[in-house]
Every structure is written in structure tokens, then in C-alpha cells.
Amino acid sequence: MNKQIILIGLNHRTAGVEVRERFALTDVENFEQGLMANCPVHECMALSTCNRVEIVAVARQVPTMEAMESILRYWAGACNGPAELLVENTYQYSDLDAVKHIFTVAASLDSMVMGEPQILGQLKDAYRTAVDRGTAKTIVNRLLHKSFSVAKRIRTETAIASSAVSISYAAVELARKIFGDLRPTKAMLVGAGEMAELAAMHLLRNGVQDIIIANRTLSRAKELADTLGGEPIQIEDMPSRLHEVDIVISSTGSPVAVIKAKDVKAVLKKRKNKPMFFIDIAVPRDIDPDVNTLDNIYLYDIDDLKEVVDENMAQRQEEATKARAVVDLETATFGNWLNSLNIQPTIVDLVDKSEDVAMRELNKTLKKIGPVDESTRSALERLALSIAHKSLHEPICFLKRRTQEEGSAERFIDLARRMFNLDDETVPADAHFDRKQATCSPEDVEQFIEVSKKEQ
């Protein structure tokens with residue numbers, strides 16, 4: 001492969017939070033511009049999140065290690081950090097290993113929580129920035145578009161993102177199993193712990209509109225209510241409001257239970273035995289375990305939720321095996337495309353496709369005019385192939401001139417391959433973000449040609 005793709009990065013596995021903070025890119029746009037100006041690269045894109053920094057670059061004709069060292073020095077300098085510390089905490093890939101890694105990242109196989117979709121959105125944002133700045137060109141463009149389609153294929157063909165793998169998300173998934181549609185339900189937070197807050201946010205995303213927040217410190221309850229759009233109350237008022245809610249998420253720091261079975265019995269009478277779902281995320285537990293013996297009460301503590309999470313994580317690991325097989329296949333396909341950027345294979349593909357079209361059209365014509373003798377058929381074949389070859393004369397000369405004049409015609413080769421669809425690709429509808437994809441059938445083309453001739 002003569003296209004040097006380089007990927008250098010650090011993430012939650014290779015570097016602690018202090019190192020990730022030290023080398024985070026706060027101004028990605030200027031970083032990309034500076035990288036292009038100061039390093040032997042002619043394409044690049046940078047991604048910087050709380051869990052990872054990734055730099056993808058296409059190197060000029062220099063040794064791979066030289067290009068990597070240059071990028072590392074520039075990165076360290078841009079962050080005013082020691083290059084030695086950066087080198088110790090990074091991973092470095094080149095060529096198809098780099099391609100495979102970016103596909104793996106896009107598919108969320110390398111994320112802290114495997115299968116979570118946030119990283120794909122972050123990658124798309126980073127790519128848009130690189131496109132706007134002009135640092136993403138032929139290879140980075142193709143690489144990122146392909147990574148998006150790989151991620152979509154994996155989500156379609158595997159169940160890697162279909163089960164809850166966080167405590168808060170698992171709690172909400174259990175609530176959905178009990179109530180089905182969560183939109184008519186009302187919830188209460190008892191305490192304002194982080195996991196309870198996350199669970200409440202998942203509830204809101206699933207349609208829950210009313211949330212009561214009961215806390216010992218009313219100011220904290222008000223602060224959280226402003227974030228979630230709920231109603232703050234003192235925790236002492238919680239027992240008198242329990243009958244109003246269907247879902248209770250509790251995470252106080254109390255050493256004893258704050259919700260007792262006898263209190264819930266009284267609540268059930270007021271609710272006429274309508275079901276209630278209790279999520280106890282506190283340690284020690286906030287909710288008396290005897291609550292679970294009552295009819296129409298569903299109580300889950302943190303151990304119950306952890307069992308659900310562990311089981312779902314095991315399922316995701318199984319699906320990850322299927323997903324990695326897709327990544328391997330797509331990486332090999334991308335490697336074939338990279339190799340096709342050499343001019344000779346593209347010329348061969350152009351000629352083959354042109355000859356195929358010519359012969360198919362000739363056969364259609366021969367069916368219409370009926371039997372002809374062999375000499376006539378041979379003459380018609382030579383004519384069809386001659387037209388096909390002559391129609392490619394100028395495009396092929398153009399590609400050869402660009403190679404001689406600029407040393408590389410990869411941008412034009414890529415354009416030719418896409419214009420003539422030499423790779424038989426189906427472009428996804430969202431490939432160009434907000435631009436609508438136009439459909440174009442052979443009949444459309446013939447009609448367009450006829451109209452153009454008449455207008456002339």
C-alpha cells in the first residue's frame with residue numbers, strides 16, 4: 001500500500017484522566033491547521049473527548065516513523081506537555097491497522113461502555129470540522145464515510161446496543177417492562193445521588209413528564225429540579241406524596257430505611273392497588289426489603305440491577321465477536337479501494353466497465369434486428385469496442401497527465417472511480433448529511449440526453 005494512513009491516540013485504557021486532560025485538544029480546528037503546516041501530512045482529522053484523543057493523518061512520502069514522531073512532537077508542543085509522557089500513553093497504528101482501529105471506534109467496540117452510540121456522533125462532529133477546515137480530503141473523507149457505514153451495518157446486523165449495561169439504564173429498562181409506555185407515569189427521586197439523577201434523565205428520555213424530587217437539603221432538590229424540570233420537596237414530605245407516583249428511585253445516604261413496608265401499605269390503599277416500581281440504588285438500602293412482599297409492588301436493589309447489567313454485558317460481548325468480523329471484512333474492502341487509487345488498476349476497471357456496457361448494448365441491438373452472419377457480428381463487436389475505447393481516450397490521458405504533472409492523481413482517480421461507480425457501491429441516503437441524494441436511472445439519463453440535444 002502506498003498511501004500512509006497514520007493513527008495516533010490515547011484513551012481511557014492507555015492513559016489516566018490526568019494525562020487525558022493534559023493532552024486534550026481544546027482548539028481542534030487550529031490544531032488540524034497547525035498539523036498540516038508543521039508536519040509531513042497532507043490530510044488529517046482530530047477527535048478529542050473526555051475518554052480519548054485520536055489523530056488520523058495521511059502522510060506524505062516519508063517513512064512512517066518519521067511522520068509519527070513529527071505528529072507526536074507537534075501534539076505535545078500544542079498542549080505544552082512533555083513528549084516522553086505523551087509517547088508512553090499513546091497507541092500508534094498505520095495503514096490497515098489504522099483503518100481497522102477507526103472502524104472499531106466508530107462501531108463503539110472500543111468505548112468504555114461497549115455499544116453506546118455517543119462516540120459515533122462525536123466522530124461525525126469531528127469529521128465535519130475537518131471538512132470545513134479543508135484538512136479532510138480524498139482518503140480521510142472516504143475513511144470516515146466508510147466508518148459511519150460500518151457502524152450502521154454493525155448496529156443493523158448485531159444486537160450490540162440492544163441491552164442495558166449501566167445501572168441507571170437497566171433500572172429504566174425494567175420500568176418499561178412493568179409499565180410498557182412510560183409517558184403516563186409519574187416518578188419521584190428520593191435523595192439526589194448521581195445514579196438516581198442519571199436514571200431520572202433516562203426516564204425523561206422515555207417520556208416521563210412529571211418528577212418529584214425529595215431531598216433533605218431543599219436547595220439541592222431545587223437545583224436538580226431546574227435541570228430535570230421537576231418539583232422539589234423536603235424529604236419529610238415524601239411519605240405524604242408517595243401515592244401520587246408510579247416509579248420511585250431512592251439514593252439517600254441514610255443509615256436506615258427511609259421507606260418502610262407499613263408506609264407503602266397505606267400508599268397502596270390510596271392508589272387502589274395500582275402497581276408501583278421501586279429502585280433502591282442506596283448502600284445501605286433505603287427501602288425496607290419487606291416492601292417487595294406486597295402485591296403490585298416491584299422492588300429492585302443495586303444487586304438486582306447489577307445482575308441484569310452483567311448478563312447484558314455478556315450478551316454484548318457475544319455480539320462484539322460478530323461485530324469484529326464485520327470490521328475485519330470492511331477493513332479488507334477499504335484496503336482494496338486504497339490499492340485502486342493507483343492509476344493502472346483504475347484504467348483497467350474503466351476499460352472493463354466500458355467494454356461490458358458496449359457488449360450489453362450490442363447484444364440488445366442484435367436481439368432487435370434479428371440474426372446476422374458471423375462476419376457482420378464480428379464487425380459490429382469491433383465497432384462497439386472501438387467506440388468504448390475512444391470514449392475513454394481523453395479521461396485516461398487526463399489521469400496520466402495529472403500523475404506526471406503532480407506526482408499523484410489520487411483525487412482525480414477517486415473522482416473517476418466514483419463517477420463511473422467502479423466499486424459498485426450503493427451510497428447511503430445520509431452520506432452527505434443535509435444534502436438530498438438524487439436518484440438516477442438509465443431511463444433518466446437517456447431522457448436528459450434527448451432534452452439536452454433539443455435545447456442545443
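The nearest pair of heavy atoms linking Cys50 to Arg20 is O-NE, 3.0 Å.
Asn292 and Tyr300 form no side-chain donor-acceptor contact under 3.5 Å, judged by distance and modelled atom types alone. A donor and an acceptor atom, one from each side chain of Gln4 and Thr64, are located under 3.5 Å apart. For Thr346 and Arg417, the side-chain atoms include at least one donor-acceptor pair closer than 3.5 Å.
More than 12 heavy-atom neighbours from other residues, nucleotides or ligands sit within 6.0 angstrom of CG on Asp226. Within a 6.0 Å sphere centred on CD of Glu157, other residues, nucleotides and ligands contribute more than 12 heavy atoms.
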Just list the side-chain donor-acceptor pairs under 3.5 Å for residues 178-192, sequence neighbours left out, or say none.
from: Asp181; atom 1: OD1; to: Arg183; atom 2: N; distance (Å): 3.0
from: Asp181; atom 1: OD1; to: Arg183; atom 2: NE; distance (Å): 3.1
from: Asp181; atom 1: OD2; to: Arg183; atom 2: NE; distance (Å): 3.2
from: Asp181; atom 1: OD2; to: Arg183; atom 2: NH2; distance (Å): 3.0
from: Thr185; atom 1: OG1; to: Leu182; atom 2: O; distance (Å): 2.6
from: Lys186; atom 1: NZ; to: Glu244; atom 2: OE1; distance (Å): 3.2

Could you pull out every donor-acceptor pair under 3.5 Å between side chains of residues 98-112 and any protein atom, sequence neighbours left out?
from: Lys100; atom 1: NZ; to: Asp328; atom 2: OD1; distance (Å): 3.1
from: His101; atom 1: NE2; to: Glu54; atom 2: OE1; distance (Å): 3.2
from: His101; atom 1: NE2; to: Glu54; atom 2: OE2; distance (Å): 3.1
from: Thr104; atom 1: OG1; to: Lys100; atom 2: O; distance (Å): 2.8
from: Ser108; atom 1: OG; to: Ser111; atom 2: OG; distance (Å): 3.1
from: Ser108; atom 1: OG; to: Gly115; atom 2: N; distance (Å): 3.0
from: Ser108; atom 1: OG; to: Glu116; atom 2: N; distance (Å): 3.2
from: Ser108; atom 1: OG; to: Glu116; atom 2: O; distance (Å): 2.8
from: Asp110; atom 1: OD1; to: Arg13; atom 2: NH1; distance (Å): 2.8
from: Asp110; atom 1: OD2; to: Asn11; atom 2: ND2; distance (Å): 3.2
from: Asp110; atom 1: OD2; to: Arg52; atom 2: NH1; distance (Å): 2.9
from: Asp110; atom 1: OD2; to: Arg52; atom 2: NH2; distance (Å): 2.9

> Between Lys137 and Glu43, does a salt bridge (charged side-chain N to carboxylate O under 4.0 Å, His left out) hold up when you go through it step by step?
Replying inline: CA-CA 6 Å; Lys137 300 177 184 176; Glu43 293 189 50; over 6 Å; no
> Given the rule in the salt bridge (charged side-chain N to carboxylate O under 4.0 Å, His left out) test, do Lys353 and Asp349 qualify, once you have shown the distances and angles that lead to the verdict?
Replying inline: CA-CA 6 Å; Lys353 183 154 192 172; Asp349 289 346; over 6 Å; no
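Under the 3.5 Å distance criterion, the side-chain polar atoms of Asn206 are matched with a main-chain donor or acceptor of His202. Without hydrogens or angle criteria, Lys260 side chain to Ala257 main chain gives a donor-acceptor distance under 3.5 Å.
To the nearest 0.5 angstrom, Asp210 atom CG is 10.0 Å from Asp246 atom CG.
The shortest side-chain heavy-atom distance between Lys146 and Trp337 does not fall under the 4.5 Å cut-off. The shortest side-chain heavy-atom distance between Ile259 and Asp286 does not fall under the 4.5 Å cut-off.
Among Asp303, Asp290, Asp301, Asp304, the single residue meeting the salt bridge (charged side-chain N to carboxylate O under 4.0 Å, His left out) criterion with Arg285 is Asp301.
Using bins of under 30°, 30° to 60° and over 60° for the plane-to-plane angle, the ring pair Tyr93/Tyr91 lands in the tilted bin.
Shown here are the salt bridge (Lys or Arg N to Asp or Glu O under 4.0 Å) partners of Glu231, two or more places apart in sequence or in another chain: Arg241.
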